[in-house]
Amino acid sequence: AAGVIQSPRHLIKEKRETATLKCYPIPRHDTVYWYQQGPGQDPQFLISFYEKMQSDKGSIPDRFSAQQFSDYHSELNMSSLELGDSALYFCASSSTDRTYEQYFGPGTRLTVT
Amino acid sequence: AQKITQTQPGMFVQEKEAVTLDCTYDTSDQSYGLFWYKQPSSGEMIFLIYQGSYDEQNATEGRYSLNFQKARKSANLVISASQLGDSAMYFCAMREIIGTASKLTFGTGTRLQVTL
């Protein structure tokens, strides 16, 4: 079965640089979520999109922005990167008729040096 | 605000034995969902099992079962016949419904180590 695809899997950036993370949800899933998991931490909700509209916003810094495109893929844009942004970034997807099934992608490990 | 509590930072279990990972939650919502995810050292988050607040029967998925006690607000994960491959971090999470979306709030996790 198709799963959530995230790219890149690993990313190394320097402070103050910009990063773009991509997420391709499971086919026919209309909702995308972004989570951030710091080292040794539990995942924290950042933002979600339903049918290309932002549906909820969590603890996402103003330096970050995200959007969902017409093909339902989503991108998380991170600017002015800080050392503390080093984390595992997960994308998850679900469909409105089965919202209890929220499947996660493999994650993008971002390292800021 | 919703809250998930996992009081066991680490657990050991012998291979082939059963183990229970604890999870308690706090919410004022009448409708909610509880999840368990497994995170091996490779980092991915693997969905294990789901329990809806209105489900009368405890959820089961293969060797995983969820001991749901609504009055106590607990949703413990039971893994039967543990295998070495079960060694991982396990997160309990609660679904908060926002319109058509549902974000998850996670507990701090329990690291399970299966020994020979």
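So you know, we letter chains A, B, ... as the sequences are listed, proteins then strands, and number each from 1. Treat the numbers as computed from the prediction; the structure is a model and nothing was measured.
At a cut-off of 3.5 Å, with distance as the only test, no side-chain donor of T111(A) or S86(A) sits close to an acceptor on the other residue. Donor-acceptor pairing under 3.5 Å is lacking for the side chains of D56(A) and Q54(A). Counting only N and O atoms by type, the side chains of Y90(B) and R111(B) include no donor and acceptor under 3.5 Å apart. Using modelled atom types, one finds a donor on one side chain and an acceptor on the other under 3.5 Å when comparing T20(A) with N77(A).
Chosen from G33(B), G107(B), G52(B), the residue pairing most often with chain A at heavy-atom distances under 4.5 Å is G107(B). Heavy-atom pairs under 4.5 Å with chain B peak, among G105(A), G58(A), P43(A), A92(A), at P43(A).
Salt bridge status for D86(B) with R63(B): present, with a side-chain N to carboxylate O gap under 4.0 Å. Salt-bridge formation is not detected for the pair D85(A)/K13(A): no Lys NZ or Arg NE/NH1/NH2 atom is positioned less than 4.0 Å from an Asp or Glu carboxylate oxygen. Ionic pairing of E82(A) and R63(A) is present here: one or more N-O contacts between side-chain nitrogen and carboxylate oxygen are shorter than 4.0 angstrom.
Contact of Q37(A) with chain B is made through the side chain alone, with heavy-atom distances under 4.5 Å. Contacts of F106(B) with chain A are made by both backbone and side-chain atoms, with heavy-atom separations under 4.5 Å.
F104(A) and F90(A) have perpendicular rings, their planes meeting at more than 60° on a 0 to 90° scale where under 30° would count as parallel.
Close approach to chain A, defined as a heavy atom under 4.5 Å from one of its heavy atoms, is seen in no residue of residues 68-79 of chain B.
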